[in-house]
Amino acid sequence: MKRPYETVAIYDATLPDDTIQSEIGKLEEFLKKNTEFEQTVVMGKKYLAYPIRKKKTGIFCQYLYNGEGDVAGKVEKHLKLNEAVLRHLSVVRSPNAAKPVKALSEPAPAAAEKERA
Amino acid sequence: MYRRNRVRKVCWFDQNSIEPDYKDQRMMESFITERGKIVPRRLSGVCAKHQKQLAVAVKRARYLALVPFVAENLK
């Protein structure tokens, strides 16, 4: 039974652009071969809330695909071996999940002033 | 004894008919305190179902470094 999956990967922003594009393309190819691939959304470069491997910014990329149960393991292995990927997270998409987040090119603004009681 | 007429809070997610999305940084930031803790239901007015989903979403967002675990070094 096929289920809708979603993988978010954070790429190392210090790498040159064409390297990152090729990495994104590589994973897309992998997903097209092994799953029912839907869409890639490059969410853009963002500041990380805390440094990962001493890097302060990352390029977030979201992959939407459908697949059998074992597909998540394959994607995990593929991403784990990839040096350019700082961190990744694969989840089962809930049926009424929000539409893919628009590409956010500018860095995240400072947290809005919140009045907490 | 006088009764304080408290305005009944409505669940923000029900009102906008959306679900918590860990990728939406702004949404996640509006439900955590300055220190990075998840705001309790009694303050945010979120219903139980969405508070559970929100907690999972915030933890995923923390893992992806979209929001801090503990916000000591506030930018």
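Letters go in sequence order (proteins before strands), and every chain restarts at 1. Being a predicted model, the structure only gives us computed values, none of them experimental.
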- prompt: What do you reckon, is CZ of A/Arg53 surrounded by more than 12 foreign heavy atoms closer than 6.0 Å?
  reply: yes
- request: Rounded to the nearest 0.5 Å, what's the gap from CD on B/Gln25 to NZ on A/Lys46? Could you check?
  value: 4.0 Å
query: Within a radius of less than 6.0 Å around NZ of B/Lys37, do more than 12 heavy atoms belonging to other residues, nucleotides or ligands occur?
result: no
message: If hydrophobic clusters are built from ILVMFWY residues whose side chains come within less than 4.5 Å, do B/Val56 and B/Val46 share one?
response: no
statement: Closest non-hydrogen contact found for A/Ile10 with B/Leu64 is CD1-O, 3.4 Å
Closest contact, heavy atoms only, B/Pro68 versus A/Ala49: N-CB, 3.4 Å
Nearest heavy atoms of B/Val67 and A/Tyr50, plus distance in Å: O-CE2, 4.1 Å
field: From CA spacing to verdict: side-chain hydrogen bond (donor to acceptor under 3.5 Å, both in side chains), A/Glu6, B/Tyr22
entry: CA-CA 12 Å; A/Glu6 168 184 77; B/Tyr22 65 94; 2.7 Å; yes
field: CD (B/Gln15) with more than 12 external heavy atoms under 6.0 Å
entry: yes
Distance, nearest 0.5 Å, that separates CZ of A/Phe60 from CG of B/Leu66: 4.0 Å
message: Counting neighbours of NZ on A/Lys32 that are heavy atoms of other residues, nucleotides or ligands and sit closer than 6.0 Å, is the number greater than 12?
response: yes
